[in-house]
Amino acid sequence: MSAVFPARYASKCAGCGERITVDEPVRFDDEIGAVVHDDCDDAAPAPQRPAVVCTTCWLTKPCECDAD
Ligand SMILES: [Zn+2]
Ligand SMILES: [Zn+2]
């Protein structure tokens with residue numbers, strides 16, 4: 001559970017990358033381990049990366065082909 005609190009200093013939202021201004025409602029996201037906007041829906045634990053498909057096995061990378 002993460003409580004919402006007013007930002008005590010200006011920083012950057014770890015969820016959407018937008019700036020957080022002082023007194024803006026924010027919460028500490030336990031999955032990210034950083035402060036995000038209270039209403040931020042973009043809070044994702046993993047960075048957004050386009051899926052890369054292996055041309056050998058046609059599975060999404062990382063795949064067995066990268067093991068070596
Ligand atoms: Zn945000
Ligand atoms: Zn592969």
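Only heavy atoms go into these numbers, but all of them, side chains included; no hydrogens, no water, no symmetry mates. When a ligand or atom number is given, it counts from 1 through the structure's own listing order.
Rounding to 10 degrees gives 100° for the angle at the Zn ion (ligand 1) between SG of C16 and SG of C13. Put simply, the angle at the Zn ion (ligand 2) from SG in C63 to SG in C65 is close to 110°, to the nearest 10°.
Hydrophobic clustering (ILVMFWY, side-chain heavy atoms < 4.5 Å, transitive): L59 and V53 are in distinct clusters.
Distances from the Zn ion (ligand 1) to the N/O/S atoms of H37 are shortest for ND1.
E18 contributes atom CD, which lies 8.5 Å from atom SG of C40 (distance to the nearest 0.5 angstrom). Taking NE2 of H37 as the reference point, atom SG of C16 lies at 4.5 Å (rounded to 0.5 Å). Taking CD1 from I20 and NZ from K12, the interatomic distance works out to 10.5 Å, rounded to the nearest 0.5 Å.
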